[in-house]
There are 2 protein chains.
Amino acid sequence: MTPRTDPRVARSRATVLRATLDLVAERGIPATTVEAVAERSGVAKTTIYRQWPDRAALVLDAFDTTLDPPTDPDTGTLRDDLVHLLTGLAHALTTGPAAALMPALVDAAQRDPVFAALHRREADRRHRVVLDAITRGIARGELPADTDPADVLDLLAGPLFHRRLISAPELTTDFAHRVVDLVLRAHTTPAPGRPEGQVRPWPIGRGNTVRDADAPRT
Amino acid sequence: MTPRTDPRVARSRATVLRATLDLVAERGIPATTVEAVAERSGVAKTTIYRQWPDRAALVLDAFDTTLDPPTDPDTGTLRDDLVHLLTGLAHALTTGPAAALMPALVDAAQRDPVFAALHRREADRRHRVVLDAITRGIARGELPADTDPADVLDLLAGPLFHRRLISAPELTTDFAHRVVDLVLRAHTTPAPGRPEGQVRPWPIGRGNTVRDADAPRT
DNA sequence: ACGATACGCTACGGATGCGTAGCGAAGATG
DNA sequence: CATCTTCGCTACGCATCCGTAGCGTATCGT
């Protein structure tokens with residue numbers, strides 16, 4: 001495959017996609033016009049239309065070629081895996097292109113079926129590695145056998161998104177550590193109403209440095 | 001104040017704001033054009049411009065007059081307060097106008113300082129009632145004294161947002177119950193590294209009907 | 001009943017964006 | 001070196017939207 005090796009197309013394509021992502025992050029998807037992409041990238045508008053049929057295809061392609069899932073740490077411990085993944089998420093949500101791209105994608109997914117499919121697909125790819133880590137943890141007995149990995153995923157990632165996008169713009173790695181700590185603690189504690197799984201009285205002794213000294217602003 | 005009592009302005013204003021919100025929910029903020037609002041509302045475009053200086057003011061006013069914070073349940077128990085608030089949030093995020101409005105507002109807040117201020121202000125109003133409930137719970141001893149209410153808020157609301165907007169579109173009240181259950185359990189469990197607060201061996205016996213039988217799709 | 005006010009309507013001028021066509025120049029390929 | 005492809009550029013036609021002006025009509029306040 002890929003008999004297309006003309007360096008001109010590859011170069012213009014890469015330049016245009018880069019500029020498109022920058023503009024989406026800065027001004028949002030609807031304001032990312034083809035003419036703005038042409039101006040910023042230095043590539044002529046007609047050249048852009050030679051490689052993409054319309055504006056939607058360009059923006060979609062830009063998202064498509066940039067989002068990539070995190071790497072599976074597989075440290076051997078569920079806690080370390082989750083800390084690794086969650087601090088990585090916290091980092092991606094504060095710095096990195098995803099910081100401004102994610103809200104745009106979520107918003108677009110609410111209305112455009114094409115973006116919804118893209119969003120779903122990329123979220124699945126990202127979540128797979130987290131779900132795998134959780135599943136391994138269950139297999140090792142670090143979580144009860146009846147734990148729903150999907151629940152744990154939302155419990156873990158949700159607070160980071162919420163803090164970043166809704167409650168407070170400050171998102172620290174400390175918070176990611178606390179979230180992992182609390183979610184694991186909740187699941188390794190016998191439930192009040194339901195018969196408990198294995199109880200495992202805390203095999204986790206990591207010094208987790210819970211220093212919370214932030215303004216408790218909402 | 002409010003010496004404006006002309007029923008004509010009140011009527012056109014209400015009609016236009018309603019149509020504006022509908023359009024924002026359907027097509028997003030940037031696609032909510034004044035002409036589209038005029039067409040849908042039946043109010044002439046010139047009339048719209050008589051009450052709002054420009055498009056931004058109209059959209060902003062539409063958000064402003066619609067978002068309202070939840071009511072404080074104050075049931076006497078932290079758990080019941082949180083279940084009430086969280087199921088209310090789950091309901092608002094699935095049905096109701098906020099379902100489609102929230103992503104648009106979050107996205108707009110990332111780029112437009114005016115929308116950022118609105119978002120921050122409305123989020124604060126919403127969060128205040130939750131933080132109050134948490135603070136009352138701490139005062140009653142239902143949570144350790146060193147609990148950070150802002151952390152608990154993100155732990156509670158985050159998973160609902162995440163499930164609704166990112167992982168899976170299905171958001172049930174069951175999930176809200178489970179989140180409250182787990183977050184409370186985590187905080188009323190002695191931490192491994194830190195001296196525990198009061199332990200209170202479960203004053204909660206509510207039959208919370210934890211029936212999880214969903215496809216563990218991400 | 002009668003001024004005052006808000007309304008709907010038509011018609012603008014200006015701007016911006018979409019997507020296309022044609023042409024000469026520059027670079028790639030063999 | 002000769003050919004083929006891509007590129008940049010200018011110039012469109014079409015559509016949409018912004019925000020404003022003017023005018024006649026319906027409605028409100030008194």
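Quick note on labels: first sequence line is chain A, next is B, and so on, each numbered from 1.
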* At under 4.0 Å, does any side-chain N or O of B/Gln51 touch on OP1 or OP2 of C/dA6? -> no
* To do: Just call it for A/Arg55: base, sugar-phosphate, or nothing, with non-hydrogen atoms closer than 4.0 Å on any strand.
  => sugar-phosphate
* Structure fact -> In short, A/Gln110 meets B/Leu165 closest at the heavy-atom pair NE2-CD2, 3.7 Å
* **Along DNA chain D (nearest heavy atom to each residue), the more 5'-positioned of B/Thr32 and B/Pro7** => B/Thr32
* **Nearest-angstrom distance from the residue atom CZ of A/Arg13 to P of D/dC7** => 12 Å
* Quick one: A/Glu39 CD to D/dC9 P, roughly how many Å, whole number? -> 12 Å
* Ion pair B/Asp64/B/Arg121, N-O distance below 4.0 Å -> yes
* **Between C/dC18 (P) and A/Lys45 (NZ): distance, integer Å** => 7 Å
* Asked: Within the structure, does a side-chain N or O atom of A/Ser12 lie under 4.0 Å from either OP1 or OP2 of D/dC7?
  -> yes
* **Short side-chain N/O contact from A/Thr47 to OP1 or OP2 of D/dT6, under 4.0 Å** => no
* Which whole-number value in Å describes the distance from B/Trp52 CH2 to C/dA6 C1'? -> 13 Å
* **Qualifying residue, where the test is salt bridge (Lys or Arg N to Asp or Glu O under 4.0 Å) with B/Asp72 and the options are B/Arg136, B/Arg128, B/Arg126** => B/Arg136
* Can you find a side chain N or O atom of B/Thr46 that sits less than 4.0 Å from OP1 or OP2 on D/dT20? -> no
* Asked: 5'-most contact on DNA chain C: B/Ile48 or A/Thr33, nearest heavy atom basis?
  -> B/Ile48
* To the side chain of B/Glu35, which of D/dC28, D/dC17, C/dC9 is closest? -> D/dC17
* For atom CZ of B/Arg11 and atom P of D/dA26, their distance in whole Å -> 16 Å
* **Atom-pair distance (CG on A/Asp54; P on C/dG19), nearest Å** => 5 Å
* **Spacing of B/Tyr49 atom OH relative to C/dC7 atom P, expressed in whole Å** => 16 Å
* Asked: So which one's nearest nucleotide on DNA chain D is more toward 5', B/Val34 or B/Arg8?
  -> B/Val34
* Asked: Heavy-atom count around A/Arg111 CZ within 6.0 Å, excluding the residue itself: above 12?
  -> yes
* What orientation do B/Phe63 and B/Phe115 show, parallel under 30°, tilted 30 to 60°, or perpendicular over 60°? -> perpendicular
* Asked: Which whole-number value in Å describes the distance from A/Leu58 CG to C/dG17 P?
  -> 15 Å
* Asked: Which nucleotide, C/dT29, C/dC7, D/dG8, lies nearest any side-chain atom of A/Arg50?
  -> D/dG8
